[in-house]
Amino acid sequence: MGMAAAEWQFHVLAVDDSSIDRKLIERLLQRSSCQVTTVDSGYKALEFLGLRQGIESNDHNALSPSPQVEVNLIITDYCMPGMTGYDLLKKVKESSAFKNIPVVIMSSENVPARISRCLEEGAEEFFLKPVRLADLNKLKPHMMRTKLKNHKLEEIEKPSKDENGTTAAAVEPEIKGSTEMEIKILPLLQSEFEPKQVHLQVVQQEEQTLSNNKRKPMEEGLSADRPCPMLEGIATAV
């Protein structure tokens, strides 16, 4: 039970420049059985993901993320100094490594144009502050989808092992030509039909021998050298 819960615990990266809001969102997420990492800026969020160097070189994949870091969801404030939540959203979606992570935007201002722009850029949800526990319950399907995708990728990329325990590389099945298949099939068919052919030959030989034995007495009976038997008691009228 405890092992399964630990295995399926979600990891959320919470980004907000307000220490009060960070503490609030952290407590709410922990009540939802989530592991929470909090940072106070978009730059620190990218640094945690391993993308800070990519910003400086204008290459979003310049720094590969650490394999130990698995983030199932990013929730960020919209209005932050230096980098807004919208800018952070764009950087994450431009990264090939993290583009599938759900991103949720929070804001204390209800601006329809801002909400529409974030949703069009790829945000999963847009919450108005203060965020409530009922809002966070909407995030579980998004986190579950990310978790399942990560597990499937791990299973696909996991190398198989042979009987000796050595890792074997995945080998694609080779498609063999029809000629080679025919060469393998023909001996098999030939081996199956050989006993039947031998039996048929034996039967034919026996029939031939029997036919010859029947024909020999008949030929002897019609031979010209054999004298005709005398017929007694039979008269021919003239």
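F127 has its side chain within reach of L139: a pair of non-hydrogen atoms, C-beta onward, lies under 4.5 Å apart. Side-chain contact between L136 and K138 is absent, with no heavy atoms from C-beta onward closer than 4.5 Å. L88 places a side-chain heavy atom less than 4.5 Å from the side chain of L46.
Residues satisfying the side-chain hydrogen bond (donor to acceptor under 3.5 Å, both in side chains) criterion with S116, sequence neighbours excluded, are absent altogether. Residues passing the side chain to side chain contact (heavy atoms under 4.5 Å, CB included) test with T84 are Y86, D87, sequence neighbours excluded. S41 is linked by a side-chain hydrogen bond (donor to acceptor under 3.5 Å, both in side chains) to nothing, counting only residues two or more places apart in sequence or in another chain. Every residue two or more places apart in sequence or in another chain that forms a salt bridge (Lys or Arg N to Asp or Glu O under 4.0 Å) with R114 is listed here: E109. With sequence neighbours left out, the salt bridge (Lys or Arg N to Asp or Glu O under 4.0 Å) criterion links D40 to K44. Every residue meeting the salt bridge (Lys or Arg N to Asp or Glu O under 4.0 Å) condition with E124, not counting sequence neighbours, appears here in chain and number order: R145. Applying the salt bridge (Lys or Arg N to Asp or Glu O under 4.0 Å) rule to K99 yields no partners; only residues at least two apart in sequence or on another chain are considered. Contacts of R117 classified as side-chain hydrogen bond (donor to acceptor under 3.5 Å, both in side chains), with partners at least two apart in sequence or in another chain: Y78.
Applying the salt bridge (Lys or Arg N to Asp or Glu O under 4.0 Å) test to every pair with at least one member in residues 72-86, sequence neighbours left out, gives these pairs: D77-K129.
Put simply, the side chain of D135 gets close to the backbone of R132: a donor and an acceptor are under 3.5 Å apart. Under the 3.5 Å distance criterion, the side-chain polar atoms of K93 are left unmatched by any main-chain donor or acceptor of V103. Side-chain N or O atoms of R22 include none that pairs as donor or acceptor with a backbone N or O of T38 at under 3.5 Å. Judged purely by atom type and a 3.5 angstrom limit, H11 has no side-chain atom pairing as donor or acceptor with the backbone of Q35.
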For T37 and F48: C-alpha separation, side-chain torsions, deciding distance, then whether side-chain contact (heavy atoms from CB on, under 4.5 Å) applies. CA-CA 9 Å; T37 299; F48 177 78; 4.0 Å; yes
Please lay out, stage by stage, how V12 and M143 fare under the test side-chain contact (heavy atoms from CB on, under 4.5 Å). CA-CA 9 Å; V12 180; M143 293 187 287; 3.6 Å; yes
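The two residues V131 and L28 make their nearest non-hydrogen contact at O-CD1, 3.2 Å. The two residues V39 and L13 come nearest to each other via the heavy atoms CG2-CD1, 4.2 Å. The minimum heavy-atom distance between F98 and V92, with the atom names listed, is O-CG1, 3.4 Å. Closest heavy-atom contact between A123 and I105: CB-CG1, 4.0 Å. Of all heavy-atom pairs spanning L133 and R31, the tightest one is CD2-NH2, 3.8 Å. Smallest separation of non-hydrogen atoms from T76 and G85: OG1-CA, 3.9 Å.
Considering CD of Q30 and SG of C34, their distance stands at 9.5 Å, rounded to 0.5 Å. Distance check: E94 CD to L51 CG gives 10.5 Å after rounding to the nearest 0.5 Å. Here CE of M106 is found 9.0 Å from CG of L24. Values are rounded to the nearest 0.5 Å. We find the OG-CG distance between S108 and D21 to be 8.0 Å, quoted to the nearest 0.5 Å. Distance CD1/I25 to OG/S18: 11.5 Å, rounded to 0.5 Å. The line from CD of E26 to NZ of K23 is 4.5 Å long, rounded to the nearest 0.5 Å.
Using a 4.5 Å cut-off between side-chain heavy atoms of Ile, Leu, Val, Met, Phe, Trp and Tyr, with links allowed through other members, M80 and V111 fall into different hydrophobic clusters.
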